[in-house]
Structures are given as structure tokens and as C-alpha cells.
Amino acid sequence: MENEPIAKSYEPKEVEQKWYRYWEENGLFKPAAQSDRSPYCIVIPPPNVTGTLHMGHALNNTLQDILCRYKKMAGDNVLWQPGTDHAGIATQNVVERDLAAQGTDRHAVGREKFIDLVWEWRKKYGGLIINQLRRLGCCCDWSRERFTMDEGLSRAVKEVFVRLHEEGLIYRGDYIINWCPRCHTALADLEVEHQDQESHLYHIRYLFEDGSGYLIVATTRPETLLGDTAVAVNPKDERYTHLKDTRVLLPVLKKPIPIIFDRYVDMEFGTGALKITPAHDPNDFEIGNQHNLERIKVIDDDGVMNELAGPYQGMDRFECREKIIKDLEAEGLLEKIEPYQNAVGHCYRCKTMIEPILSKQWFVKTAPLAEAAADAVRSGKTRIYPSNWEAVYFDWMDNIKDWCISRQIWWGHRIPAWYCDTCGEITVAKTTPSQCGHCSGHDLHQETDVLDTWFSSALWPFSTLGWPDETPELKTFYPTSALITGFDILFFWVARMMMMGIHFMGDVPFRDVYIHALVRDAEGKKMSKSKGNVIDPLVVMDEFGTDAFRFTLAALAAQGRDIKLSEERILGYRHFVNKIWNAARFAFMNLDDEELPGSETVSSTLADRWILTRIGQVSGIVAQALEDYQFNEAAGLCYQFVWHEFCDWYLEMAKQDLYGEDQARKHATRRTMREALAASLKLLHPFMPFVTEEIWQRLPGADGSIMSAHFPNPTEFPNDEEALRNMALVMGIITGIRNIRGEMNLPPSKNVKAVIDTANSGDAQRLQKNQKHIMTLAKAEELDIGVGLQKPEASATSVFEESTIHVVLKGLIDFEEEKQRIRKSMAKIEKDLKTSEKKLSNPDFLDKAPDHIVAEVREKAETLSAKRDKLEQTLSVLEKIDE
RNA sequence: AGGCACGUAGCUCAGGGGGAGAGCACUACCCUGACACGGUAGGGGUCAAGGGUUCAAAUCCCUUCGUGCCUACCA
């Protein structure tokens, strides 16, 4: 053999870097500019620039890479569009932390300088996650990498903002929003995480103004009473009807406030009396509007009580709560305190408790956009897989509320709106206006707020392709083919892309949405830094190799179920990578460069015809599974085929021909082996890009990268039903002999003599043709095959279909043990036979079950009873010997 | 409070109306000239419980129990 021997086990480290560079340098990740192949496009869910690769990314991007590589091999013109998003709050937080460490803050630095610092930071660290995606093997077209703060994407943002504003779908106004006192910004409803917590329900007495007594109000937030402007009761509540037109005195501040009647109040809850704080509670805000109540803000942007909080001014909101309870108690106004459990909102970025605060913000009117987005899924223009997520999507779309898009931070797209100091009106424009659009005044200043990061992410599927310009990419690849993402951003991102895509492009942003599972630890817990149960994908790749890691993720990615990842599992698939490596190693030891496919025609062996037929079948199923996003099915089938069919059976049989003297057959076997190996590599390539490329490049006659090879297609392989049947027979006989060997504890070193008594001469011939294979694989030194052969003395018996297998065990056999073995086997058969016979004796079954089922059961019963009879005969022979 | 999943071998999970499956772990025998990260064979399950539909239920329906997750402004 000319080939240098390759290493005994696969070493991923050098290999991975080498081939990634090769692919990138050879432009294999780029789509063709002009192509008549069908376009296939995935836009990456842009990771945060602040991020580092975690398990969620690893799974998400592995699945995308599998699809892109598969589609590329299947002949599509593939674009995987990569990039990152600017993660407004998160990134600002990171840079602010740096400043704090230097003893300064962004206000001291100033807005412009601060933004420069953020850009600097992003230049330095922003590429981290991108390189980690490379490490994972992702075939993104990096020449097209985008960033949501890029000039082009910023232009798209402005265009969208201005147009939505013109259409009346963006407005500005005073509403209760979620305020994070630590991040100092408004948040969208979605960005608030509700956590159940143990708290208290305080029952507080509000004295009647006329001194005639009091009414009790229950609240979880006593500190907000300072901003109360009414107490509301249900108009149907008879306990309170007499209180019409009376007023109560606000505790502490002793300010009179009205009692109002509103159906919103639940009579069953607490005392049926609800304090109304329009400036600090969304429901109270609504009620306040209906009753024209004053809105009194008592908490400032830092979560500290302000000047309207009277004696509590300057106290933190939690401190104030303690103090006010003490004061109420001292005044005899505290009726009681009950333990109570409620859900309180926290900032999704910093986990600080959210303060609902009245504030002037910018909003997107979502209802009209949402309707179209929901319809697109209802009509099947976009399909969501697995489909049970559709209900979740509809539920959200149907109950959507307006989206607060302004953020009081500096890092982000500054809202393109200018205020006129002369007339106070707002001018919205794509470029800085020279004069006010209303009074033509020149004293304009721009809005200081920036837009929510998700506002720019919502445009991702078309902004990355060049919109608002009409680029060729946009024309070719929009709508994109598939979006692969986790359910955690179904609302944040997917829903908003749907709304914006349909509105601005007139078509959905993607045909398919595939929602994958969450990666959890081996106990099924969510991985989190604070729990300390994170598995770092980079460490895993170092330890087990990227291919093993990717294959594990794919094999575990069953639809609708979370992935519990453990290192043992990954180790198992590393063994698989090694198995492939060694199969290739074996092949290379038996191949040389001169043998190119199709160079000669020789009648092929059963094993050859069988393996090629199986490849055809398997590749069809794998392709279909990938089309259906059944990653686990595809991976599982590849695993079982390569290991248990190609390696366990084909290569073992091939050895006899490769080591034999028949040159023609040797040659034919080499050719088939090469072809089967090449096809296996191609099947595996989407899952395991590195090891397959490494082997491919050493494969005699392989041309170029495996990335450009075409995925095996069933039509290119024989569909030889006869080979499948015959192979099943040969395998069954071999397994039967091995079975006896195993159960009788015969070491492989002991050769045996076997007799196969077949039911017909056809089977006998088929087996005789493969006699050498059977002898070698079953370790039999003598093998008689024929019809009506007698059971030899001192032999063990088993039955495969219509053939009876006797293994001569002269001097080795323990009759008692053999009888046990046969009885056990018969018991199993009896059990199966009983269920079959029961069915067949049921007239309803014969009457109502489909014909092919009845025929199947009948045939099975016959086979089973024949099998039982043969074993029974054997048993009686053994029992005679015993006597 | 609503909604959605899920309870199948010791573990992790496929399957989804017609004979209970895989991987890992386990047991026995083997370093056979690709691979001990390997080979061959084997043990192991009332498919959570109860009821219903059906000729036929692990699979469809209902109830119960258990476990997750998501949504929500009941103070």
C-alpha cells in the first residue's frame, strides 16, 4: 500500500483549524452571485456583541450549519447571513462597569466620548463570539457579516421609524411604563421577568373626612399611597354604596381624596376597596384616566421618594415602605398584615425590581401589524415547527399591547426626532432637519432617547440583505428559507420580524420557523452561572472534538423536548467519530490511487449489492428527516447505518474478499468499499464537517472539498430487493450460530461445526454461495448446508425463519444447559404465538381488520408454530439422550 | 388564574392504533491482522394510575397523581 498509515485514533485539534481555514480561504461559504440553483437562506439569530458562546448558541448554530451544509450539498445556492446585534443595555452596562472601575461614569465622560468608548470596546471584544462560531464550524458567509449599528442597518432603522411615524404607527405619549431604576431606562413589557415571591398584604385604614370612621384598603405597596388620588370600590358592592360623594383622608399626608366607583374593582379581593395611584400602577392609571384623577409621581428615576412624598423624601422605596408601616402602626391606622404571594417584575438585564412609572415614551402601535403577522401563519405562508408553537404565537399576537421602543440610554440608534424650542412641535426625519417642520424655526434639538435593540433586530432579515436599497441579494434571498431559534425569543424577535417584514417587504421574512429546545444540564436544570452547572461548549470542543459535540447536539435534538446534556453522552459520540476514523483507516489500507470508481466491471457480491442498496435507502430517509427538521432521526440513522451496517457487516464481509486471491473480486470490493465510504462521509458531513473533510481529502480520487460534493441521492443507487432479502437470511444464520456460541459460552478461539437444514433448495443455494462468509463470521470450521439434513449428535439448535441451525458441540455441550436454552426460546415463541392465535380466533378481527394485517398475523402464526415444532423435536431428542 | 409539554429498561430518551426500541450503564466470553474509543452474545420494562372508544391502545379521549415550562395588571 502506497498510503502513509494514518493515526490509530482521530485527533481533532489540528484538523479542525486546518479545514476551517481552507473552506474560508477557498470561498466555500459564499453563495454564487448569479445562479439558477434554488436559493436557500438562513439569517443567523444575531448574538449579542457582549456574548460568549454558550450551549444555546452551540445548539442553535449547529442546527443551522447542518441545514446549510446539507442544502449546499443537495445543490442549493446557500447564504447563511451572519452578524451580531448591539445589545443596547447589556453593552452599555459592560462599558459603564469599566468606567466605574476607573472611578468615573458616563455622565462625567459625556455622551459622544462614551459612544466612542463603546465602539472601541466592540472593536476589541466584539469579535469573540464570531470566532467561537468559527470554532464550531459554522459555514456563515463572513464576508457579509453585519452589525445592527452598521451604517447600512442604521439607515434601515431610520427609514422604518420615519415611515411608521408617517403612517401613525409610531407615537409619543405619557403612559405607565416599566422603569428599571438601576439601568435608568424604560423597558418593554416583554423585558420584564415576573417572579413569584413571598410578600405581605397590608390592610390600612383610610379615615373618613368627616371623622365618622374608616374604610380598610389592602395593598402590597404601602409606599405608593403617598401618590394615591382616590379609593375605588365596585358600584355593586353594597358595603360601600352609602359612601357616594364622600371622601377619605390619605393616611400620613392627611390629604382628602374621593371615593370613586368602578366596575374594575374585585369585590371578593381583600376588603373590596382599592387605592388608586395613577402614576405608579398601570391599572390605576387606566382608572385614573376614566375618572380624571390627578397623577402624582412620588418615586423618582432612582427609585427614591421625591419631594411629593413629604416626610419620606430622599428615602429609597424599600426603606420608605418600612418606615411608613411603622408610622401607620403608630397612628393606629394599620389594621393587619397578611402573608401574601405575588409576582413582581424584575429587569431582564440586571434583575432589579421594576418600578411602574408614569413617563413620556415612544411607542409602536402594534395591533395592525400583529394582525397581518398572525394571518401569515394562519394561512401557512410561514410555518412554525413544531406546530404547537403556533398556538403560543397566536395567543401573543392576539393579545398584543403597544410596544415601548424608547430607551433612556446612549448606546443605540438615536431616535430621529427633533424638538422645536420655538413651537414645541416634533419633526421626524431621516436626516438632521435644518428647520422645524411646523414653524420653520431653527432652534431644534434631537431626542436623546435611543431605540430598543429589538427594533433594529426586527429588520434583520431584510436590513442585512441591503434594504432599503433593492439589492440583488434581497431579490434572491428574501423571503429567507428558514429561521432556527429558541422559543425564548419567539415574541421578542420572531414575532417582531414577522410584523416588520410583512409591513415593509410585503412578504413574510421566512418560510419556516423551527423552534428548538433548551439545553439543560444532566439533571434537567436550566444552565446558569449562578447555579454553577454550565457546561462550556469551548471546553467540550477541546476535550471531545467539535464533531463529537455537534453530533451529540443533533442526536439529542428531538422536536419539542429539552436536551439534557451530559459529558457521558458526548463521550459516546466521540467513540463514534473514532469508529468512522478507523473504518476509513481500514479502507485506506486496502485502497490505492489507481483504483478510481467505474474503472472496471465485475459481477458484484451480495454484500456489495446490499450495502449500495442500503445507502440509497438511508440517504433518502436522512434527507427527508433534515427537510422536516428531524435532526435526531437523521443523526440516529446515520449512526446506526455507519456503525452497525457498514462497519459491522459490510467491512467484515469485505475483508474476506480483500484478503482473498480472486483479483477481480478484490477489485470490485475495493470499488464498492470506496463508494460506500465516500457516501457515508457525505451523509455525515453536515453533522461532522471536520473529520469527514479530513478523511475525504485522503480518499483516492476525491476531488475538492467534501462541502462541494453532492449529497447521496437514492436514484444513484441500486434498489436491489433480492440482495436485501438474501442478506437478511445470511445475517440471520450467522447470528443464530453466534447466539448458540454465546449462550453455550464458547470462546471465539474454539471452532465449531454447523449444519443448516433449510426448507427449500433455493435457500440452500443462497446460503452456499455465502458459505465462506458464514464460516468466517460465525467461526465455523465446517459447514453443511442442505435440505433435510439430520440433526447431528450432541448439538445445539436454533431456528431462523424456515431454516434450522445445528451447532455440533461434541464434548462441549451440557445437555441440561441446552435444554434450558431451548425451553426459554420456546417460551418466548409460545407467548407470541398465543397473541397471534387469539387474534385469529376472534371473528371480529377477521371481519374488521384490514386484509393485509390479517394476512400478516396469519403468516406470523405459521412461522412461529413451525419454529416451535422444530424446537420441540430437538427437545425430545435431547430428552431421550438424557435417559 | 389560564395555557402548553412531559411521566416508556438502572440512567438519558426515540416511537405514537396492529408483535415493546436505541444509546449509555450492567453481565459473560474475547487484545481475531481498522478500531479495547473495539468485537460477540446476554439480562432488564403492568409504556405513571384509573376509566372510556376500538376487532385491536404504550399510542386516541376523559379523570387523577406527579414533573417542568410559558403567559397574566387582581390590589
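Each chain gets a letter, A, B and so on, in the order the sequences are listed, and its residues count up from 1. Below, all heavy atoms of this structure are taken into account, side chains as well, without hydrogens, waters or symmetry copies. Everything numeric in this text was worked out from a predicted model, so none of it was measured.
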_Between R585(A) and N578(A), does the side-chain hydrogen bond (donor to acceptor under 3.5 Å, both in side chains) criterion hold? Intermediate values first, please._
CA-CA 10 Å; R585(A) 186 163 174 261; N578(A) 195 242; over 6 Å; no

Can you tell me, in whole Å, how much space there is between the C1' of A1(B) and that of G10(B)? 39 Å

Rounded to whole Å, the CG-P distance (D196(A) to C69(B)) equals 12 Å

From CG of D847(A) across to C1' of C55(B) the rounded distance in Å is 9 Å

Taking for D832(A) and for N582(A) the nucleotide of RNA chain B with the nearest heavy atom, the one nearer the 5' end belongs to D832(A)

Handout entry: K336(A)/E338(A) ion pair, N-O < 4.0 Å
Key = yes

| message | Between A56(B) and U63(B), how many Å separate the two P atoms, rounded to a whole number? | response | 23 Å

Q: Verify the contact: side-chain N or O of Y659(A) to OP1 or OP2 of A34(B), cut-off strictly under 4.0 Å; return yes or no.
A: yes

Winner on side-chain proximity to D648(A), out of G39(B), C73(B), A41(B), is G39(B)

Quantified in whole Å, what is the P atom distance between nucleotide U46(B) and nucleotide A20(B)? 14 Å

Here the distance between atom C1' of C37(B) and atom CD of E567(A), to the nearest Å, is 16 Å

Note to self: Between the base of U12(B) and the side chain of R569(A), is one N or O donor paired with an acceptor at under 3.5 angstrom?
What the structure shows: yes

Per atom distances to the K579(A) side chain, the nearest of G39(B), U71(B), A41(B) is G39(B)

C1' spacing across the pair G33(B) / G16(B), given as an integer number of angstrom
46 Å

Rounded distance in Å between the P positions of C11(B) and A5(B)
25 Å

**Study point:** C35(B) base / K8(A) side chain donor-acceptor hit below 3.5 Å
**Key:** no

When rounded to whole Å, the CZ to P distance for the pair F394(A) and C4(B) reads 15 Å

Do the side-chain N or O atoms of H644(A) get closer than 4.0 angstrom to the phosphate oxygens (OP1, OP2) of G23(B)? yes

Whole-Å distance, K834(A) NZ to A56(B) P, equals 20 Å

Between CG of N399(A) and C1' of C70(B) the distance, given in whole Å, is 14 Å

A correct dot-bracket answer for RNA chain B, with pairs being Watson-Crick or G-U at under 3.5 Å, [ ] for crossing pairs and | for inter-strand pairs, is (((((((..((((....[..)))).(((((.......))))).....(((((..]....))))))))))))....

Separation of C74(B) atom C1' from R263(A) atom CZ, nearest Å, is 16 Å

Subject >> Side-chain N,O (W649(A)) to OP1/OP2 (G39(B)) below 4.0 Å >> reply: no

Exercise for the section: For nucleotides A9(B) and U64(B), find the distance between their P atoms and express it as a whole number of Å. Expected result: 25 Å

Taking for T735(A) and for S749(A) the nucleotide of RNA chain B with the nearest heavy atom, the one nearer the 5' end belongs to S749(A)

Here the distance between atom P of C35(B) and atom CE of M589(A), to the nearest Å, is 7 Å

Can you find an N or O donor on one side and an acceptor on the other, under 3.5 Å apart, linking the side chain of Y573(A) with the base of C24(B)?
no

inquiry  = Between K834(A) and E837(A) (salt bridge meaning N to carboxylate O under 4.0 Å), is one present in this structure?
reply    = no

Please state the C1' separation for the pair G2(B) and U12(B) - nearest whole angstrom. 32 Å

query = Can a donor-acceptor pair under 3.5 Å be found between the side-chain atoms of E652(A) and the base atoms of A34(B)?
reply = yes

- Integer angstrom distance from the C1' of A34(B) to that of G39(B): 12 Å

For residues 218-229 of chain A, the salt bridge (Lys or Arg N to Asp or Glu O under 4.0 Å) pairs (sequence neighbours left out) are R221(A)-E223(A), R221(A)-E355(A), E223(A)-R321(A), D228(A)-K275(A)

Distance col, row S836(A):OG vs E859(A):CD, nearest 0.5 angstrom, shows 11.5 Å

- Query: Is the shortest side-chain N to carboxylate O distance from R698(A) to E694(A) below 4.0 Å?
  - Reply: yes

